[in-house]
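One structure below.
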There are 2 protein chains.
Amino acid sequence: MKEATIVGAGLVGSLWAVYLTKAGYNVTIFEARDDIRKADISAGKSINLALSNRGWKALETVGAAEEVRKIAIPMYGRMMHDLEGNLTFQPYGKENEAIYSTSRGDLNAILMTAAENTGKAKILYNHQCIDINLQTNELTFLNKKTGEQVHHKTDVIFGCDGAFSAVRYVGLQRTDRFNFSQNFIADGYREILLPANEDGTHKLDKNALHIWPRGRFMLIALPNEDGSYTCTLFMPHEGGENAFDKVNTREEVDAFFKSTFPDFYALMPQIADEWDNHPLSSLAIMRSYPWHHHKTVLMGDAAHATVPFYGQGMNAGFEDCTVLWELMQKHNENWEAVFEEYSATRKPDGDALQDLSLYNYLVMRDYVADPMFLLRKKIEAKFSTLYPNKWMPLYSQVTFSDIRYSVAHKQGEVQNQVMDEVMAIPGIEEKWDSQEVIDKILSLV
Amino acid sequence: MKEATIVGAGLVGSLWAVYLTKAGYNVTIFEARDDIRKADISAGKSINLALSNRGWKALETVGAAEEVRKIAIPMYGRMMHDLEGNLTFQPYGKENEAIYSTSRGDLNAILMTAAENTGKAKILYNHQCIDINLQTNELTFLNKKTGEQVHHKTDVIFGCDGAFSAVRYVGLQRTDRFNFSQNFIADGYREILLPANEDGTHKLDKNALHIWPRGRFMLIALPNEDGSYTCTLFMPHEGGENAFDKVNTREEVDAFFKSTFPDFYALMPQIADEWDNHPLSSLAIMRSYPWHHHKTVLMGDAAHATVPFYGQGMNAGFEDCTVLWELMQKHNENWEAVFEEYSATRKPDGDALQDLSLYNYLVMRDYVADPMFLLRKKIEAKFSTLYPNKWMPLYSQVTFSDIRYSVAHKQGEVQNQVMDEVMAIPGIEEKWDSQEVIDKILSLV
Ligand SMILES: Cc1cc2nc3c(=O)[nH]c(=O)nc-3n(C[C@H](O)[C@H](O)[C@H](O)COP(=O)(O)OP(=O)(O)OC[C@H]3O[C@@H](n4cnc5c(N)ncnc54)[C@H](O)[C@@H]3O)c2cc1C
Ligand SMILES: Cc1cc2nc3c(=O)[nH]c(=O)nc-3n(C[C@H](O)[C@H](O)[C@H](O)COP(=O)(O)OP(=O)(O)OC[C@H]3O[C@@H](n4cnc5c(N)ncnc54)[C@H](O)[C@@H]3O)c2cc1C
């Protein structure tokens, strides 16, 4: 029997387990946490996340999409809330194109169950990886229930243990010529649960991702199935007027929300009571290379953790499954060849994903509040509808296609230059819908 | 009694131990290796290193310079060897200014002995740090002789355990918002021992650092006291025509040296026999921030490991001692305040050191073979002699002063712009020694 080991039964690890069983592997997954389906613990980090094309595609390949679709709420665009409570809606793509708000815990549970239901994958909980020998494929786990150390020898190892991956820290990072960086950005985040109306309905338009863009910081809200919203405030940890270190006491919380998010405050005047329900957390970009060593490989956040502003972290991790799966066929499961090519070809996509994610923070917290930016996107959308083969907006390339992130990133930069020229046309605000503008773009692409 | 713990009895750790005893501390040093004074092992990495102003200054403060001076060989400049064996000498600074070739092992031994001789520092060998609790100041060591784990609780911890610092990997890297990167450059190095003449004399001019600059790669040689030279070949690991992966067999080694370093080959025709005496090693830049957490701090390579091309790694680590020592007085040994200021103010110097080190690889392997570069440096040296208050060449700022690395780096960039203009004067090769050139520089600074 072919044996494979996965470290981490998070989103990527549990999905990848399903893939491996399809290829006839016996899979053992070691997970540091307890079983989130049984214990009353969260799956960590954000409560819900936006699932989009790359994620769906990877789920579909192994027949896991259907179950997920039942719990996924489509969001067709961004709904911007200004200081006066005025709303502006910006569609994400074409009609029917949406990103899907999905509960992290439920999604993870579906995938773990899917893995177990194959009959070929077993998950060992409360097993924390603490050591790995990359030469002999031996792993050491700490059984957190008994305190004992467990040794496990295997044929091939998939490190799906997230941003703070032990497979990477105690394994790859100690190999010669392994490049690595962990960069925490200046901003942190805190979640806030905006409850449903008493009748269980949503307090805001359910089919949009809500944003309160405030220049240097922002609040966002994604809908949950029970009528509530998971809201997240992203802001600098310290420094400047609006920073987490200035919002501590009940009075400060109250005053901050009253003055900066008045319409949100009106929906949730009890904000000060619930401020401490979720911790203040940090955000980091982690880059590494290579992503493999002999028969061990990194996937998902373990390889390319990013900041969450493009809603692509999980989607990228799921796409890692798609990429590895194709390479498995190509190299006939010669793992070293598979990993070699995966590492070399997928790395630029991980880098691009991270650059795009950082850039999209500016878009969300700042640009979307600027009418000229929205106009720019409207022109792009129009041109793209007229000439779909000549132009796919960057957001669509990233979110609604499976164009490589690195290619999308480059094409986005070219588009940006074109649009800089277009927006410089005198009187563009009046004539944006004219043939002149279309001709201008045609002359530039 | 005040207690302090140092991890690593390398160059920085053993020197810093002397400092701490002067301040009345009882110091315990844990060192992973055996005692290099007793065992027949090398102190690791290069066999000799260039000691310069910042290093001497730190040694002098605690009276350790005198012993070191006995084993230090002055090198007054660079001696370039071209393909035909022609020699060009470029002085490093003013007359009598030199950098000093020093045996790593002997230097380390002098410093360990100095620490022990204070009667207040003890070194525990074969103790490898494997865990650290930054909240409680508890360290765990593996006794490599007995296999037992040793626990040690202390008041303040100095991580002087080098580029692959355990204090950093298992301690600081796991703290929230700790930024870190390890970047291996494309090039590696291999050492070669060029033996003395039979009568014990040196085969090359003893008072120079010898360089065979070859554009994309280089060979250098530093003198040892016994008449031998430690030579180091720096070259890409792979890719291109001249790379380590192309030089493996005896024939390849022979052919490579014969064709690229003919005068060196003439001195050492047995090179192929000795090629494997030293391993092929990698080179990395390691950046981290902050350098402290509560009562634990990083010093030397643990904080800012760099590539060796400016000969400043150890000097910078010794200067860390100078900086910490001054801050200890300033903050009256309030360690958290000391570490806070050390981390914030010294970090830009670590970064500058690393940028300068990378830049100087280009200088050594390439620019010094260019007559126009040498002319440029000659003009700078002349102007600097005439107007010492207006101009100190970058190399002198770094090597013969204690100007902060970050300041030197910036001033160097300004100087570069000035010299670009000077070198663009038509006919500069003829009139470099004229008043016109001096006036030009005066008009620009
Ligand atoms: C605030 C926030 C919002 C986000 N929003 C989105 C979004 O909208 N869309 C999107 O696509 N992405 C989003 N992401 C990113 C997404 O959360 C990650 O990319 C995704 O979780 C990565 O999945 P993973 O399986 O690689 O890692 P994880 O989900 O982190 O899973 C890792 C698993 O490994 C386990 N583990 C860790 N260490 C060990 C060990 N030593 N031994 C054994 N097991 C271990 C963990 O317990 C966990 O179960 C967001 C992230 C954040 C922080
Ligand atoms: C090829 C080369 C040439 C160089 N040339 C120069 C030069 O000319 N001039 C110059 O100034 N610098 C030079 N350097 C840089 C210089 O070697 C370093 O900057 C210097 O050694 C740093 O001193 P350190 O004490 O911080 O670290 P190290 O000298 O590396 O000492 C670290 C000590 O910690 C011990 N240790 C490691 N891990 C543990 C653990 N887990 N537990 C306990 N102990 C541990 C090690 O055994 C070692 O004794 C060169 C470096 C290289 C690689």
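From a predicted model like this one, the values you see are computed outputs, not experimental measurements. Protein chains get the first letters and strands the later ones, always in sequence-line order, with residue 1 at the start of each.
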Test item: A/Asn179 side-chain N/O and B/Phe184 main-chain N/O as donor-acceptor pair under 3.5 Å: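 Checking the backbone N and O of B/Phe184 against the side chain of A/Asn179, a donor-acceptor pair under 3.5 Å is found.
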Under 3.5 Å: donor-acceptor pair, side chain of B/Gln182, backbone of A/Gln173: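 Yes, the answer is positive, given that a donor and an acceptor are paired below the 3.5 Å cut-off.
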Over all atoms of both residues, closest heavy-atom pair of B/Ala186 and A/Arg177: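 Residues B/Ala186 and A/Arg177, closest heavy atoms: O-NH2, 4.2 Å.
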Reported OG-to-CG distance for the pair A/Ser181 and B/Asn183, which is rounded to 0.5 angstrom: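 Between A/Ser181 OG and B/Asn183 CG, I get 7.0 Å after rounding to 0.5 Å.
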Largest heavy-atom contact set with chain A, pairs under 4.5 Å, which of B/Gly188, B/Ser281, B/Ser282: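 Highest number of heavy-atom pairs under 4.5 Å: B/Ser282.
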Residue A/Arg174 versus chain B: region with a heavy atom under 4.5 Å: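 Only the side chain of A/Arg174 comes within 4.5 Å of chain B.
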Proximity breakdown for B/Tyr289 and chain A, heavy-atom pairs closer than 4.5 Å: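 Neither; nothing under 4.5 Å.
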Winner by heavy-atom pair count (cut-off under 4.5 Å) against chain B, out of A/Tyr169, A/Phe178, A/Phe180: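 The option with the most such pairs is A/Phe180.
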